[in-house]
Amino acid sequence: MVPMANDEKPQYARLLTEDEAQDEESTVQDAAAHNDLKWRRRFYILLVSSVLAMATVIGASIYKIKTTESTFSCPILPTNHGGVDVPYSPAPVKYVNKLLVGDPDTPKFMGEPRPEMDAAWHDLLDATLIRYTDEELLQANNATSVRHVDGGYVGGLGISHSLHCLKRIKQYLHPDYYYNHEEQDWKELYSHVDHCLESLRQEILCSADVNVYTLKWTRHSRVKPTVKVPQPHACVDWQALHGWMKGRAAKLDDMVGPPDSLYEGL
């Protein structure tokens with residue numbers, strides 16, 4: 001038997017009676033059950049909160065998409081379509097869902113030519129030329145353009161060329177109004193309009209509108225029904241885009257002129 005240091009007396013724990021042991025075991029079990037219940041409550045509170053938050057986000061997204069005039073920021077389209085890259089553009093495009101009927105500006109662009117129509121086209125083609133930075137043209141497939149007198153470049157967006165072509169075709173339909181006051185090279189004019197028609201044909205095929213359209217019989221004909229489009233289109237927010245273009249507007253006078261060497265020998 002090993003002697004104890006300093007003659008210390010051994011310490012013994014009192015044995016619990018059977019009832020006391022059962023009470024202690026019950027207390028430990030109650031504490032464990034209480035802790036388990038507490039963590040279960042926290043888990044379910046967190047789970048319910050997460051589900052509610054997700055439901056709120058999903059519901060708001062669905063409402064936003066289904067709303068006729070809802071807007072959402074670009075890019076809503078993927079950066080590539082099956083491996084086909086979408087070209088870079090610095091334009092901050094947003095999209096809106098809307099039905100292409102009842103445009104309040106339609107009366108301005110239809111009918112016989114008149115000052116109101118000319119003003120509408122002038123406003124639509126405002127900021128046809130815009131200013132680009134060196135970095136933006138570098139990202140646009142390392143493009144080059146005419147220099148701006150204050151640095152950067154002068155160029156435009158595809159939408160401006162399309163609108164220009166529509167305007168030229170509209171004017172071609174009314175030669176007496178637009179071309180009776182000056183000598184006109186009709187062969188050149190026809191060639192320009194023909195180019196515009198072909199350009200628009202290619203653009204329409206490129207952007208191929210795949211919205212579903214339906215047919216409806218109306219009183220206008222017993223042979224040919226009227227076309228309806230029941231789905232709202234996903235359209236570029238023109239007002240927002242045009243505002244950005246106006247903020248970068250450039251003029252012909254802002255361009256650096258051509259070098260004299262370009263015309264040597266002519």
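What you see is a predicted model; the values in this text were computed from it and never measured. Side-chain atoms are counted along with the backbone in the values below, which use heavy atoms only and exclude waters and symmetry mates.
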Undergrad: Pairing donors with acceptors under 3.5 angstrom, does anything connect the side chains of Glu135 and Gln139?
TA: no
Undergrad: Kindly check if the number of other-residue, nucleotide or ligand heavy atoms within 6.0 Å of CG (Asp209) is above 12?
TA: yes
Undergrad: Taking 4.0 angstrom as the limit, do Glu136 and Arg248 come out as a salt bridge?
TA: yes
Undergrad: Evaluate whether atom OH of Tyr190 has more than 12 neighbouring non-hydrogen atoms of other residues, nucleotides or ligands under 6.0 angstrom away.
TA: no
Undergrad: Listed by chain and number, what are the side chain to side chain contact (heavy atoms under 4.5 Å, CB included) partners of Ser261, not counting sequence neighbours?
TA: Pro259, Glu264
Undergrad: Just wondering, are more than 12 heavy atoms of other shown residues or ligands nearer than 6.0 Å to CG in Asp185?
TA: yes
Undergrad: Please identify each residue that fulfils salt bridge (charged side-chain N to carboxylate O under 4.0 Å, His left out) with Lys108, with sequence neighbours left out.
TA: Asp105
Undergrad: For Thr128 and His161: C-alpha separation, side-chain torsions, deciding distance, then whether side chain to side chain contact (heavy atoms under 4.5 Å, CB included) applies.
TA: CA-CA 8 Å; Thr128 291; His161 178 258; over 6 Å; no
Undergrad: Can you tell if the side chain of Tyr213 reaches within under 4.5 Å of the side chain of Lys228, non-hydrogen atoms only?
TA: no
Undergrad: Could you check whether Tyr178 and Asp118, counting side-chain N and O atoms only, form a donor-acceptor pair closer than 3.5 Å?
TA: yes
Undergrad: What distance separates Leu129 CG from Leu252 CG, expressed to the nearest 0.5 Å?
TA: 6.0 Å
Undergrad: Under 4.0 Å between a side-chain nitrogen and a carboxylate oxygen: does that hold for Arg147 and Asp134?
TA: yes
Undergrad: Linking I/L/V/M/F/W/Y whenever their side-chain heavy atoms sit closer than 4.5 Å, directly or via other members, would Leu163 and Leu100 fall into one cluster?
TA: no
Undergrad: Do we see a donor-acceptor contact under 3.5 Å between the side chains of Ser199 and Glu203?
TA: yes
Undergrad: I'd like to know whether Trp121 forms a side chain to side chain contact (heavy atoms under 4.5 Å, CB included) with Lys167, so could you lay out the CA-CA distance, the side-chain angles of the two residues, the decisive distance to 0.1 Å, and finally the verdict.
TA: CA-CA 7 Å; Trp121 275 108; Lys167 180 182 178 183; 3.8 Å; yes
Undergrad: Could you walk me through whether Ile130 and Lys246 pass side chain to side chain contact (heavy atoms under 4.5 Å, CB included), step by step?
TA: CA-CA 8 Å; Ile130 61 176; Lys246 290 179 180 179; over 6 Å; no
Undergrad: Do Thr226 and His220 meet the criterion of a side-chain donor-acceptor pair at a distance under 3.5 Å?
TA: yes
Undergrad: Starting from the C-alpha separation in whole Å, work towards a yes-or-no answer on side chain to side chain contact (heavy atoms under 4.5 Å, CB included) for His192 and Tyr172.
TA: CA-CA 10 Å; His192 193 163; Tyr172 188 74; over 6 Å; no
